[in-house]
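The model shown is predicted, which means the values in this text are computed figures rather than measured ones. Every chain is numbered from 1 and lettered A, B, ... according to where its sequence line falls, protein lines coming before strand lines.
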Protein chains: 2
Amino acid sequence: MRLTTKGRYAVTAMLDLALQEGKRPVTLQDIAMNQEISLSYLEQLFAKLRAAGLVKGMRGPGGGYRLAQKMGDISIASVIAAVDEKADMTRCGGEANCLDGEKCLTHELWMELSDKIYEFLNGITLGELVRRPEVIEVAERQEAVRQGLRSGRLKTVIVEADSLIGGAK
Amino acid sequence: MRLTTKGRYAVTAMLDLALQEGKRPVTLQDIAMNQEISLSYLEQLFAKLRAAGLVKGMRGPGGGYRLAQKMGDISIASVIAAVDEKADMTRCGGEANCLDGEKCLTHELWMELSDKIYEFLNGITLGELVRRPEVIEVAERQEAVRQGLRSGRLKTVIVEADSLIGGAK
DNA sequence: TGAAAACCAAGTAAAGAAGTTGGAAATTAT
DNA sequence: ATAATTTCCAACTTCTTTACTTGGTTTTCA
């Protein structure tokens with residue numbers, strides 16, 4: 001289980017998806033604005049999430065993404081594994097050939113740590129996360145911003161601010 | 001607590017040092033050969049380990065490095081922290097300003113995971129590792145190679161093999 | 001005095017992360 | 001039908017970090 005910002009982006013986006021479950025599909029555009037991740041980077045991540053069978057995309061206006069499984073069945077570990085294919089924490093990637101075909105001195109230590117991390121992340125699902133108070137709190141704040149954007153008022157402010165500063169990213 | 005190959009190199013080298021404790025100082029040349037890490041990369045890592053007060057260097061012939069503290073007092077976490085200064089697992093590095101000065105959706109999750117990893121690595125010391133059977137086993141195999149190199153026989157073989165293949169790295 | 005080592009600084013190469021660009025295909029709303 | 005909206009796709013760029021390289025200098029021992 002390798003841990004990078006890439007995996008974090010994926011988990012955050014998936015959690016956003018889980019929070020909107022039941023409403024209409026969520027567009028990447030929407031996630032990009034809320035979580036401040038670039039749209040095309042999200043596209044790349046979602047291509048992998050889709051390949052892993054974690055989400056399904058729907059094209060056209062009103063389209064977007066939905067979870068492909070029940071949120072209680074999607075573990076954080078599976079999300080991270082989906083986007084960052086090479087999950088080798090050790091020099092050898094699990095095989096014990098780190099050093100001249102033999103185990104290196106610290107092989108067991110990293111294996112043990114990998115197991116611990118996997119155990120932790122595999123034990124938590126999106127379903128569990130959406131029920132956490134602190135997640136709900138942040139989600140509500142973000143929902144308010146989303147409403148503002150949709151109504152057009154905040155969007156105008158942002159566009160104006162961007163043109164003053166020198167363009168959005 | 002960020003986890004990279006850099007930290008792993010440092011821990012492996014430190015463990016090598018711990019295993020030789022009591023004998024004469026260990027040269028980086030020696031570690032480089034045994035653990036297959038480039039000498040100058042090791043120099044850079046040891047500059048940081050020295051700055052962190054984990055090792056002390058002795059110059060001149062017969063010199064090398066020794067642990068600066070009792071091996072039972074050196075945790076794996078402290079070794080990793082020494083070489084990989086920016087220990088930010090989260091987008092915000094512990095501060096809760098990951099998103100527009102506010103906590104992002106998954107802030108608590110990563111903090112929790114960071115704590116777990118730190119707890120694990122902080123609970124293990126070099127002193128503990130050198131007593132583990134699998135470490136002792138690997139160390140003994142490496143010691144045999146070291147003896148062979150010192151006696152000159154294996155070294156000759158390696159040099160010959162290298163010139164056949166096209167040079168060492 | 002010479003060799004062996006730590007020490008130091010600057011650079012390079014390769015990889016991966018993150019983002020960019022410019023589309024094509026599907027689907028819905030007008 | 002057509003236009004807008006969205007996923008889907010591929011290639012490329014930029015930035016950062018890792019890992020390694022080069023070419024020294026100082027210290028210390030034999």
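Regarding A:Leu17, its CG atom lies at a distance of 15 Å from the P atom of D:dT6, rounded to whole Å. Taking atom CZ of A:Arg24 as the reference point, atom P of D:dT5 lies 13 Å away to the nearest angstrom. A straight line from CD1 of B:Ile31 to P of C:dA4 spans 19 Å, rounded to a whole angstrom. When rounded to the nearest whole Å, the span between OH of A:Tyr41 and P of D:dC9 equals 18 Å. For the pair A:Leu42 CG and D:dC8 P, the computed distance is 13 Å after rounding to whole Å. Distance NZ (B:Lys48) to C1' (C:dA9): 14 Å, rounded to an integer number of Å. With rounding to whole Å, B:Tyr9 atom OH is found 18 Å from D:dT17 atom P. One atom, CD of B:Glu36, and another, P of D:dC20, lie 10 Å apart when rounded to the nearest Å.
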Between the protein and nucleotides 6-8 of chain C, which nitrogen or oxygen pairs come in under 3.5 angstrom?
unit_1: C:dA6; atom_1: OP1; unit_2: B:Leu28; atom_2: N; d: 3.0
unit_1: C:dC7; atom_1: OP2; unit_2: B:Arg50; atom_2: NE; d: 3.4
unit_1: C:dC7; atom_1: OP2; unit_2: B:Tyr65; atom_2: OH; d: 2.5
unit_1: C:dC7; atom_1: O4'; unit_2: B:Arg59; atom_2: NH2; d: 3.4
unit_1: C:dC7; atom_1: N4; unit_2: B:Glu43; atom_2: OE2; d: 2.8
unit_1: C:dC8; atom_1: OP2; unit_2: B:Arg50; atom_2: NH2; d: 3.0
unit_1: C:dC8; atom_1: N4; unit_2: B:Glu43; atom_2: OE1; d: 3.1

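Residues in residues 20-62 of chain B take part in these ring pair (Phe, Tyr, Trp, His ring centres under 6.0 Å) pairs, two or more places apart or across chains: B:Tyr9-B:Tyr41, B:Phe46-B:Tyr65.
No hydrogens or angles were tested; on distance alone, a donor-acceptor pair under 3.5 Å links the side chain of A:Gln44 to the base of C:dT20.
Evaluation of the salt bridge (charged side-chain N to carboxylate O under 4.0 Å, His left out) rule for B:Arg132 yields A:Glu112, B:Glu134 as partners, not counting sequence neighbours. Not counting sequence neighbours, the partners of A:Thr12 by the side chain to side chain donor-acceptor pair (under 3.5 Å) test are B:Thr106. Every residue meeting the side chain to side chain contact (heavy atoms under 4.5 Å, CB included) condition with A:Ala77, not counting sequence neighbours, appears here in chain and number order: A:Met1, A:Ser75, A:Tyr118, A:Leu121, A:Asn122. Remark: A:Thr125 pairs with A:Glu128 by the side chain to side chain contact (heavy atoms under 4.5 Å, CB included) rule, at least two apart or across chains.
Which of D:dT5, D:dT18, C:dG19 sits closest to the side chain of A:Pro61 comes down to D:dT5.
Among all heavy-atom pairs drawn from A:Leu113 and B:Leu3, the shortest one is CD2-CD1, 3.8 Å.
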